Amino acid sequence: MEDNGLSEFVKSIERETREGYSEAVIDHALNPRNMGRLEGSNGEAKFKGPCGDTMAIWIDVSDDRIRRTGFWTDGCGTAIACGSMVTELATGKTVEQAGDIGRQDVLDALGGLPPETEHCALLAATTLKLAIKEYRKR
Ligand code: FES
């Protein structure tokens, strides 16, 4: 895995003594779940957000339920936390339920984000929606 700005994120946390970041954000940024390309997926999307960073999400659906997920991003540490959380939220849900996951759900699950990084949650939620859309087209 490339650095993905993670070390800079960690440094910024140290600088700001974690100000503004919940424990969940720090946990998911430092120990991301479902990180990496998912082999054998049947839905995927790659999306570049307005900040210029990209996220990719893979889903593996069977019997209308998302069984496994994977994500990748070249974005900031917050984007890593958001990709981790959105894939966690989607795993185990029906395709329809997962399709309803939005930016606010990611924010709520992470215990909020500083306003200037909330768009990272939108990047993650949008990429998941596009992966589900691509699955439905197959
Ligand atoms: Fe681009 Fe966080 S700043 S994803």
Side-chain angles (χ1 to χ4, degrees):
M1 185 188 112
E2 284 179 26
D3 184 30
N4 284 339
L6 189 56
S7 58
E8 188 49 44
F9 176 66
V10 171
K11 276 187 218 142
S12 78
I13 287 175
E14 286 166 356
R15 261 200 312 273
E16 297 167 21
T17 56
R18 301 184 172 219
E19 192 181 335
Y21 293 102
S22 70
E23 286 300 322
V25 173
I26 292 162
D27 178 32
H28 280 265
L30 298 181
N31 306 292
R33 281 61 144 186
N34 314 307
M35 184 96 171
R37 170 185 286 275
L38 184 67
E39 296 302 325
S41 66
N42 51 14
E44 64 179 85
K46 198 180 209 183
F47 178 68
K48 186 184 260 208
C51 64
D53 295 326
T54 301
M55 186 172 289
I57 288 183
W58 295 266
I59 57 174
D60 177 24
V61 181
S62 62
D63 296 330
D64 196 41
R65 201 168 281 276
I66 297 180
R67 309 289 171 177
R68 298 182 304 140
T69 53
F71 85 96
W72 166 90
T73 184
D74 63 0
C76 63
T78 307
I80 295 172
C82 291
S84 174
M85 184 54 87
V86 84
T87 52
E88 280 288 275
L89 290 174
T91 303
K93 291 212 168 47
T94 65
V95 173
E96 191 175 344
Q97 288 167 340
D100 286 338
I101 295 170
R103 164 188 167 277
Q104 193 59 48
D105 298 303
V106 178
L107 289 173
D108 290 348
L110 285 172
L113 284 172
E116 65 275 16
T117 62
E118 284 186 354
H119 66 273
C120 311
L122 182 61
L123 174 66
T126 302
T127 310
L128 174 64
K129 280 189 196 302
L130 291 172
I132 290 170
K133 196 171 165 191
E134 199 271 337
Y135 160 78
R136 284 183 159 140
K137 276 197 205 150
R138 290 191 184 195

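Below, each value reflects all heavy atoms present in this structure, side chains not excepted, and no hydrogens, waters or symmetry copies. Start at 1 with the first residue, then count along the sequence. As the structure is a prediction and not an experimental result, all values here were calculated from the model.
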Any idea which heavy atoms bring [X] and [Y] closest together, and the distance?
X	Y	answer
A124	G83	CB-N, 4.0 Å
A90	I66	O-CB, 3.6 Å
V106	A125	CG2-CB, 4.5 Å
V25	G112	CG2-O, 3.8 Å
G111	S22	O-CB, 4.1 Å
G49	L123	N-CD1, 3.6 Å

[atom1]-[atom2] distance between [X] and [Y], expressed to the nearest 0.5 angstrom:
X	Y	atom1	atom2	value
D105	L110	CG	CG	11.0 Å
I80	D74	CD1	CG	9.5 Å
I59	N42	CD1	CG	6.5 Å
M85	L107	CE	CG	10.5 Å
T69	L89	OG1	CG	10.0 Å
T91	R67	OG1	CZ	11.0 Å

Could you walk me through whether V86 and E88 pass the side chain to side chain contact (heavy atoms under 4.5 Å, CB included) test, one step at a time?
-> CA-CA 5 Å; V86 84; E88 280 288 275; over 6 Å; no

Within a strict 4.5 Å, meaning less than it, do heavy atoms of the [X] and [Y] side chains meet?
X	Y	answer
C82	L113	yes
N31	R33	yes
F71	L38	no
M55	F47	no
H119	P50	no

Should the heavy atoms of other residues, nucleotides or ligands under 6.0 Å from NZ of K93 be counted, would the total exceed 12?
-> yes

Can you tell me if CD on E96 sees more than 12 non-hydrogen neighbours from other groups inside 6.0 Å?
-> no

Is the side chain of R68 donor-acceptor paired with the backbone N or O of E39 at a distance under 3.5 Å, no angle test?
-> yes

Exam field: side chain K129 to backbone I101, donor-acceptor pair closer than 3.5 Å = yes

Within one Ile-Leu-Val-Met-Phe-Trp-Tyr cluster: I57 and L122, side-chain cutoff 4.5 Å | no

Report the C-alpha distance between T54 and W72 in whole Å, list the side-chain angles of each, state the deciding distance to 0.1 Å, and finish with yes or no for side chain to side chain contact (heavy atoms under 4.5 Å, CB included).
-> CA-CA 8 Å; T54 301; W72 166 90; 3.9 Å; yes

